Every structure is written in structure tokens, then in C-alpha cells.
Undergrad: 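One structure is given below, represented as C-alpha cells, and several questions about it will come after.
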Amino acid sequence: MRISLSLTCLPCLLAASLPVAAKAEPSLSGIINESRPGDATISYSGGDTDRGVVIAKLRQREFAEAVPLLLKLADAGESWAMRELGWLYAEGNGVPVHSARALGWFYEAAIIGDSRSMLLVGVAFSRGWGVDPDQGLAAFWLAKARDSGDRHVAGAAADELRRLAA
């Protein structure tokens, strides 16, 4: 049974409840380049017109035009669209930079099983990106990412877990 909540508001609510770090935030850029907007990690087989249009807009760097389509897909439960929205907010592409909203979207995608978002959330808690550092939450999300079955994500998560333990 699907709960009928609009995910477009849920990350905002989540972001408001997260403890916000008071210091300058390190950037997530470069943590996992393969999860950046419009990259080749978003597979497209040609079946979903909305997905194809939004991927084309992201690849053409038409971020502002992609946002409403991504919101629609995120509302429908598409974790990759949630992750893309997170990147757009993290880097200010088509929307204002907003680290709490970025983390909220990454968190929403992680909750429903997006391994790249699990890694990003784990790193955010590990390094204090947009939130106060929390080793317990960092270890939880990094372990989920490591065990996700995605080889690249697993390696990056294992590296971050080792860094966290040092």
C-alpha cells in the first residue's frame, strides 16, 4: 500500500529537522562523480518519455527546465530523480544552493534504496556537510552503501568507513 504523501515537501520537512552545522561546509563535489546530474549512470532505455526528456535537459545543462520534471518523477518515487534534485541543490544548478534541501533529497533517495545516495548521506554525516557530524549515522549509511551491491559505491563507502574509523 502506497502512502500518498507529496515527496516534494518531505525533503523540506526533513531538512528542517536535521541539526545544521554552524561551521563552513565542505563540498560534496568529487565524492562520487558518477552520481552527478545528467551523467551516464542514469540508464535510459527509451520507455519513459518524462525520464528521457529530463535526462536530455540535464545533459544539455538546462537545469531550471529539468527541475519541475524531476519533482514530478521524485513525487512518483523515482530515487534517481531525488538524487538529481539533491545535486542540483548542492551545486545551485537551476535552483539556489541549499545544502539542507540537497541532503533532504539524498536522504529520501537513500531511504528507498539508492546506493549512491546512501554513500552521499553517509559522507555528509561523516564530514559534517550540512549537518553536525554523527559517526553513528555515518557508519550506518556507509555500511548500507558498502553492502549495496554497487561495486564503485561499495569501494568508496569502504574507504570512507576506514577514514571514519581512523
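In this text the structure is predicted, and so the values were computed from the model without any measurement.
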Undergrad: Hey, what do you get for CG (Leu69) to CD1 (Ile55), rounding to the nearest 0.5 Å?
TA: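 Answer for the CG-CD1 pair, Leu69 versus Ile55, is 11.0 Å.
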
Undergrad: To check you understand the geometry: which heavy-atom pair defines the closest contact between Ala138 and Ser126, and what is its length?
TA: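 For Ala138 versus Ser126, the nearest heavy atoms are CB-N, 3.4 Å.
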
Undergrad: If you compare all heavy atoms of Ser117 against all heavy atoms of Ala110, which two are closest, and at what distance to 0.1 Å?
TA: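 Result for this residue pair: CB-N, 3.6 Å.
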
Undergrad: Does Gln135 CD have over 12 foreign heavy atoms under 6.0 Å away?
TA: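 Counting other residues, nucleotides and ligands, CD of Gln135 stays at 12 neighbours or fewer.
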
Undergrad: For the CZ atom of Phe125 and the CH2 atom of Trp141, what is their distance to the nearest 0.5 Å?
TA: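 If I round to the nearest 0.5 Å, the distance is 9.0 Å.
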
Undergrad: With side-chain contact (heavy atoms from CB on, under 4.5 Å) as the criterion, how do Glu160 and Leu164 come out once you've worked through the C-alpha distance, each side chain's angles and the decisive distance to 0.1 Å?
TA: CA-CA 6 Å; Glu160 189 68 20; Leu164 187 61; 5.6 Å; no

Undergrad: Tell me the closest heavy-atom pair linking Leu142 and Val123, and the distance in Å.
TA: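 Smallest heavy-atom distance, with atoms named: CD2-N, 4.0 Å.
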
Undergrad: What is the minimum heavy-atom distance between Ala66 and Leu58, and which atoms define it?
TA: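 In this case the closest contact between Ala66 and Leu58 is CB-CD2, 3.9 Å.
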
Undergrad: Describe, in one word, how the ring planes of Phe106 and Trp87 are oriented to each other, choosing from parallel (under 30°), tilted (30 to 60°) and perpendicular (over 60°).
TA: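 Ring orientation of Phe106 relative to Trp87: perpendicular.
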
Undergrad: Which heavy atom in Ser115 sits nearest to a heavy atom in Ala145, and how many Å separate them?
TA: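 Closest approach of Ser115 to Ala145: O-CB, 4.0 Å.
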
Undergrad: Between atom CG of Leu85 and atom CH2 of Trp80, what is the distance when rounded to the nearest 0.5 Å?
TA: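 If I round to the nearest 0.5 Å, the distance is 9.0 Å.
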
Undergrad: Nearest 0.5 Å please: distance from the CG atom of Leu88 over to the NE2 atom of His98.
TA: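 One finds 14.0 Å between CG of Leu88 and NE2 of His98.
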
Undergrad: Indicate if Val53 and Val67 have the same hydrophobic cluster label, given that clusters are the connected sets of ILVMFWY residues with side-chain heavy-atom separations under 4.5 angstrom.
TA: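 Looking at the clustering, Val67 is in the same group as Val53.
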
Undergrad: Please determine whether side-chain contact (heavy atoms from CB on, under 4.5 Å) holds for the pair Arg101 and Val95, giving the CA-CA distance in whole Å, both sets of side-chain angles, and the decisive distance to 0.1 Å.
TA: CA-CA 11 Å; Arg101 282 192 182 150; Val95 293; over 6 Å; no

Undergrad: Quick one: pull up CG in Leu73 and CZ in Arg51 and give me the separation to the nearest 0.5 Å.
TA: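 Answer for the CG-CZ pair, Leu73 versus Arg51, is 8.0 Å.
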
Undergrad: If you measure from the Lys or Arg side-chain nitrogens to the Asp or Glu carboxylate oxygens, is any gap between Asp75 and Lys72 under 4.0 Å?
TA: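 A salt bridge is absent here (no side-chain N lies under 4.0 Å from a carboxylate O).
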
Undergrad: Can you check whether Glu65 reaches Gln60 side chain to side chain, under 4.5 Å on heavy atoms?
TA: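 The answer is no, as the side chains (C-beta and beyond) never meet within the 4.5 Å cut-off.
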
Undergrad: Take atom CZ of Arg61 as the centre, draw a 6.0 Å sphere, and report whether it contains more than 12 heavy atoms from other residues, nucleotides or ligands.
TA: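 Result for CZ/Arg61: open.
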
Undergrad: Any non-hydrogen side-chain atom of Met118 less than 4.5 Å from a side-chain atom of Val153?
TA: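 Answer no - side chains too far apart.
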
Undergrad: Closest approach of Met82 and Ile112, non-hydrogen atoms and distance?
TA: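 Reported closest heavy-atom pair: CE-CD1, 3.6 Å.
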
